[in-house]
Colleague: 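Here's a structure for you.
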Amino acid sequence: MSDEPTTDGRRTADRDFEVDLDDVLEDDEDGDEGLFDDLLSGEPIFENKEVLRPSYTPHELPHRKDQINNMATILVAALRGETPSNILIYGKTGTGKTASAKFVSQELERTSQKYDVPCEVEYINCEVTDTQYRVLAQLANTFIAQNRAFVDERVEELRDLREAAEDDPSVLESDDDNDDHLDFDSPEAVDEHVEALLEEKAEMDDVPMTGWPTDRVYARFFEAVDYVERVAVIMLDEIDKLVEKSGDDTLYNLSRMNSELENSRVSIIGISNDLKFTDFLDPRVKSSLGEEEIVFPPYDANQLRDILQHRSEVAFKEDALSEDVIPLCAAFAAQEHGDARRALDLLRTAGELAERDQSDSVTEENVRRAQDKIELDRVVEVVRTLPTQSKLVLYAILLLEDNGVHNVNTGEVYNIYKTLCDELDADVLTQRRVTDLISELDMLGIVNAVVVSKGRYGRTKEISLSVPVEETEAVLEADSRLSDIENVTPFVQARFDN
DNA sequence: CGTCCACCGGAACCATGGGCCG
DNA sequence: CGGCCCATGGTTCCGGTGGACG
């Protein structure tokens with residue numbers, strides 16, 4: 001993109017609007033005198049907010065005992081040095097899949113340390129790392145890094161040994177923590193070994209983010225895993241996204257690795273939102289991956305209440321919640337296919353709102369407002385981080401909506417989009433591409449696009465905005481690359497008149 | 001009925017930007 | 001360096017299509 005961030009042609013934008021914008025964009029901490037004093041003196045509501053964040057992995061997951069035990073039973077094999085069956089985990093968002101899996105893997109790694117069995121879990125989120133190349137590269141890099149650390153450790157050990165040998169050569173023979181069964185007959189032999197190790201280490205470069213042939217990355221990864229004896233559990237979260245975007249090659253490669261590995265074993269845990277995603281898989285992959293399947297059903301309102309109860313005891317000060325807060329959060333989230341993450345979000349946001357009001361307890365009202373806020377925040381965030389072209393498309397839709405045209409069709413949007421691009425000096429994408437962008441917006445839940453046939457008058461997408469107009473507009477106009485847009489709108493407006 | 005609109009959406013194909021290797 | 005590999009995101013091309021209209 002060649003357009004400079006044009007500093008700022010909109011200083012004169014009307015004040016009301018600016019205020020609005022700030023409200024939308026930031027969690028503004030207002031308080032004009034003694035900024036922090038007020039906030040500090042206010043009755044604190046939270047004891048420990050972390051517990052309510054999605055990133056937190058709880059030690060106890062209510063109503064997930066069965067699934068967890070199930071996983072554990074399968075994975076103990078790793079602690080015996082055998083290859084555990086591959087596992088597929090199904091369940092909608094916020095049903096505790098990831099949390100449970102992470103919990104189990106933590107336990108697994110902990111136990112493996114206790115008994116000194118080499119066993120590791122690698123977590124990969126396939127929504128972020130969504131191509132074969134990237135998955136392999138990331139895996140390769142973590143293992144390579146580990147191997148380097150391993151070599152360092154070993155070298156350290158040997159140097160100590162060497163040191164000791166200076167004083168008392170007998171340590172060389174009676175070395176009991178010698179796991180490679182190497183015997184050194186002289187201090188020089190130790191040196192040599194160290195030398196060799198360091199040479200190997202020098203070979204262990206990271207895989208670059210892009211550029212290599214995939215099979216080479218694969219080879220590198222293979223080598224890295226096999227470097228020491230271990231069981232590697234690879235956890236692929238949102239595995240359906242990976243399959244969707246880049247096919248099942250990755251899974252195929254991973255699942256047949258075991259037959260060729262000398263020292264180590266790999267086992268895969270796939271986590272999926274989509275029950276049917278195995279339909280697209282090669283039957284071989286399907287059967288090897290789905291050796292064990294575990295389903296996480298959605299929580300019902302009661303279970304959600306338990307979870308919230310559980311966490312709120314840690315998260316909040318005593319008596320900070322009024323009676324109906326938790327049931328209400330649970331009820332809202334239960335409507336949303338039993339999403340626990342949502343429930344926790346709701347509770348946390350409600351707490352934050354109460355806190356900001358300097359109130360000492362969270363009320364039902366806070367929860368309702370939290371519900372709105374979360375939705376708005378989500379939209380703002382999504383829209384803000386949209387690529388420029390998508391923003392333009394969205395803006396076009398917005399403009400149409402502004403002018404009272406509802407259920408717009410692709411052609412109209414494309415026309416407006418074109419004029420917008422012209423005025424802003426941006427590249428104009430083809431209609432084909434714009435269709436895709438619209439579909440993306442649809443999937444993000446920002447617009448609603450349905451293909452309808454208008455008989456004689458063709459077949460098109462009927463598009464309508466599913467987010468509040470003003471807020472969205474504010475966010476779009478906050479983008480520096482679109483900052484000239486206000487000067488442009490008159491031109492577009494003119495188009496409507498003919 | 002058949003026609004035919006105005007776009008959908010798959011597939012094949014380019015352009016770009018990253019990187020390796022000799 | 002030039003020749004090669006790769007992924008990504010865009011473009012070109014084009015067959016496909018639901019249903020109001022004649």
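Source: prediction; values computed, not measured.
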Colleague: Using a cut-off of 4.0 Å on non-hydrogen atoms, how would the nucleic acid contact of V428(A) be classed: base, sugar-phosphate, or nothing?
Modeller: sugar-phosphate

Colleague: Name the residue closer to the 5' end of DNA chain B, choosing between T410(A) and G455(A) according to the nucleotide with the nearest heavy atom.
Modeller: G455(A)

Colleague: Please give, in whole Å, the distance from dC13(C) C1' to Q431(A) CD?
Modeller: 14 Å

Colleague: Got a second to check how far F143(A)'s CZ is from R220(A)'s CZ, nearest 0.5 Å?
Modeller: 14.5 Å

Colleague: Rounded to whole Å, please give me the gap between CZ in R456(A) and P in dT17(C).
Modeller: 19 Å

Colleague: Here's a test of your reading of the structure: between I438(A) and G458(A), which maps to the more 5' nucleotide of DNA chain B?
Modeller: G458(A)

Colleague: Separation of R134(A) atom CZ from dT8(C) atom C1', in whole Å?
Modeller: 9 Å

Colleague: Whether R433(A) contacts dT12(C) is assessed here as follows: a side-chain N or O lying under 4.0 Å from the phosphate OP1 or OP2. Is that the case?
Modeller: no

Colleague: Go through dG16(C), dG19(C), dT11(C) for me and flag the one nearest to the S453(A) side chain.
Modeller: dG19(C)

Colleague: Can you tell me how far apart CG (L251(A)) and CD1 (I239(A)) are? Round to the nearest 0.5 Å.
Modeller: 4.5 Å

Colleague: Please find the earliest and latest nucleotides of DNA chain B, in the 5' to 3' direction, that have an atom within less than 4.0 Å of any heavy atom of chain A.
Modeller: dC4(B) to dC21(B)

Colleague: So, N409(A) and E412(A): side-chain donor and acceptor under 3.5 Å apart, yes or no?
Modeller: yes

Colleague: CD1 of I438(A) to CZ of R433(A): how many Å apart, nearest 0.5 Å?
Modeller: 11.5 Å

